[in-house]
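The structure under discussion appears below in the form of structure tokens.
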Protein chains: 2
Amino acid sequence: MDELTAIESLAALSQESRLRVFRSLVQAGPEGLAAGVIALELDIVPNTLSTHLAQLTRAGLIRRTRDGRIIRYAADNAGIRALLTYLLEDCCQGRPELCRPAVATVACC
Amino acid sequence: MDELTAIESLAALSQESRLRVFRSLVQAGPEGLAAGVIALELDIVPNTLSTHLAQLTRAGLIRRTRDGRIIRYAADNAGIRALLTYLLEDCCQGRPELCRPAVATVACC
DNA sequence: CCTATAATTCGATAATTCTCGAATCATGGA
DNA sequence: TCCATGATTCGAGAATTATCGAATTATAGG
């Protein structure tokens, strides 16, 4: 990942509505959620939500797929992983014992 | 971690200079770097850098310790870990096979 | 083809954030 | 005590970002 993409991703996440959308999609799993469903659940007007979803998509954090009239969004695991890797790059000066416990705690399961 | 802290952290990281400072400190390890050294290395005027460092510190991503006239900053691993955990919370719907590979790839060593 | 629905794009205003000169604070040494 | 140095705080102008009404696009069904 390059610096610009990282900044775009972090900026996308650093806003209340977008962070909530992102976390909802992370928790929703591979099937994701329809834009309209997200709008209802998080109480965001559709056009504003659309702007937010576009920003998260541009950043590579979520993906969109059309399903008839409905547009479905889901977390993009590759993009998320790339961002986390960029943040932690060369974090342990070659000494695994420094960063292994930290990374292990992040594991959610 | 609560939502406000997460947003503060992500906002702190979503700016070129601050992201560079953060990554420098992550790579510098536990001893960290003096404010003046960071200013020189990244070519940022001291007062602007000071504002950035304060923001990263408030967000819980870095720590400061005084060492005579010199103030030293270092990555705050607990804060960083808390942020990553918040982002990935409940990411795999109880199915470890979905997120374990993702997390493994993040490991830097 | 026409209508209804789901979603997006456009444009403008409101709010927030960035940057840096100037002034201030804290520490160590003469 | 006085000075020099490292660092921070303050304040204001410049730049960026957020939000939402109105208009537009895309699709499904009658």
Side-chain angles (χ1 to χ4, degrees), chain A residues 3-25 28 31-76, chain B residues 3-25 28 31-76:
Chain A
E3 186 180 68
L4 248 56
T5 307
I7 290 171
E8 197 177 12
S9 299
L10 291 162
L13 292 173
S14 69
Q15 200 275 340
E16 188 177 49
S17 296
R18 286 195 300 266
L19 181 57
R20 286 181 185 168
V21 169
F22 173 80
R23 300 219 315 146
S24 291
L25 291 177
E31 303 96 41
L33 296 169
V37 172
I38 301 172
L40 272 177
E41 274 188 3
L42 300 184
D43 193 28
I44 306 172
V45 302
N47 59 359
T48 301
L49 175 61
S50 199
T51 303
H52 288 324
L53 288 168
Q55 206 163 335
L56 286 164
T57 304
R58 248 184 289 115
L61 294 168
I62 65 176
R63 283 176 293 107
R64 48 172 283 167
T65 51
R66 182 176 277 277
D67 184 10
R69 260 181 302 197
I70 286 168
I71 296 188
R72 198 169 271 291
Y73 288 87
D76 185 331
Chain B
E3 185 181 68
L4 247 59
T5 307
I7 291 171
E8 197 176 12
S9 299
L10 292 161
L13 292 173
S14 69
Q15 199 274 340
E16 187 177 49
S17 297
R18 285 195 302 266
L19 181 57
R20 286 181 185 168
V21 169
F22 173 80
R23 298 217 318 146
S24 292
L25 291 177
E31 303 95 42
L33 297 169
V37 172
I38 301 173
L40 272 177
E41 274 188 4
L42 300 184
D43 192 29
I44 306 173
V45 302
N47 58 359
T48 301
L49 175 63
S50 199
T51 304
H52 288 323
L53 288 168
Q55 205 162 337
L56 286 163
T57 304
R58 247 184 289 116
L61 294 168
I62 65 176
R63 282 174 294 107
R64 45 172 285 167
T65 51
R66 182 177 277 279
D67 184 11
R69 259 181 302 199
I70 286 169
I71 297 189
R72 198 169 271 291
Y73 288 87
D76 185 331

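The analysis underlying the following values was restricted to heavy atoms, covering all of them including side chains, and did not include hydrogens, waters or symmetry mates. Sequence lines set the chain letters: A, B, ... in the order given, protein chains first and strands last, and positions in each chain run from 1.
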When you check the phosphate oxygens OP1 and OP2 of [N], does a side-chain N or O of [X] lie under 4.0 Å from one of them?
| X | N | answer |
| --- | --- | --- |
| B:Y73 | D:dT8 | yes |
| A:H52 | D:dT19 | yes |
| A:Q15 | D:dT19 | yes |
| A:Q55 | D:dA18 | yes |

Less than 4.0 angstrom from a charged side-chain N to a carboxylate O is my criterion; do A:R20 and B:E3 meet it?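 A salt bridge links A:R20 with B:E3.
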
[Y] side chain reached by [X] side chain, heavy atoms, under 4.5 Å:
| X | Y | answer |
| --- | --- | --- |
| A:L33 | A:Y73 | no |
| A:S24 | A:L42 | yes |
| A:L56 | A:I62 | yes |

Nearest atoms (heavy-atom pairs only) where A:L13 meets A:L19: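 Taking A:L13 first and A:L19 second, the nearest heavy atoms are O-CB, 3.4 Å.
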
Which atom pair, heavy atoms only, marks the closest approach of A:D76 to A:R63?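 Of all heavy-atom pairs spanning A:D76 and A:R63, the closest is OD2-CG, 3.5 Å.
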
Whole-Å distance separating the [atom1] atom of [X] from the [atom2] atom of [N]:
| X | N | atom1 | atom2 | result |
| --- | --- | --- | --- | --- |
| B:L56 | C:dC18 | CG | P | 11 Å |
| B:L33 | D:dA7 | CG | P | 11 Å |
| B:L53 | D:dA7 | CG | P | 10 Å |
| B:I44 | D:dT8 | CD1 | P | 12 Å |
| A:I7 | D:dT17 | CD1 | P | 11 Å |
| B:E16 | D:dA15 | CD | P | 17 Å |
| A:I62 | C:dA7 | CD1 | P | 13 Å |
| A:I71 | D:dT25 | CD1 | P | 15 Å |

Need to verify one output field. Residue with the more 5' nearest nucleotide on DNA chain D, A:S17 or B:T51?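 Of the two residues, B:T51 wins.
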
Check every strand shown and say whether B:A11 touches a base, only sugar-phosphate, or nothing at a heavy-atom separation below 4.0 Å.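 No contact.
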
Please classify the nucleic acid contact of A:R72 as base, sugar-phosphate, or nothing, using heavy-atom distances under 4.0 Å.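 Touches nothing.
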
I want to verify a distance call: between C:dA7, D:dG6, C:dT8, whose nearest atom is closest to the B:I70 side chain?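 Per side-chain heavy atoms of B:I70, the pick is D:dG6.
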
A correct 5'-to-3' footprint of nucleotides 21-30 of chain C, with B, S and - meaning base, sugar-phosphate only and no protein heavy atom under 4.0 Å, is BB---SBS--

Side-chain donor/acceptor pairs under 3.5 Å, residues 44-55 of chain B, sequence neighbours excluded:
| residue | atom | partner | partner atom | Å |
| --- | --- | --- | --- | --- |
| B:T51 | OG1 | B:N47 | O | 3.2 |
| B:H52 | ND1 | B:R18 | NH1 | 3.1 |
| B:Q55 | OE1 | B:R18 | NH1 | 3.1 |

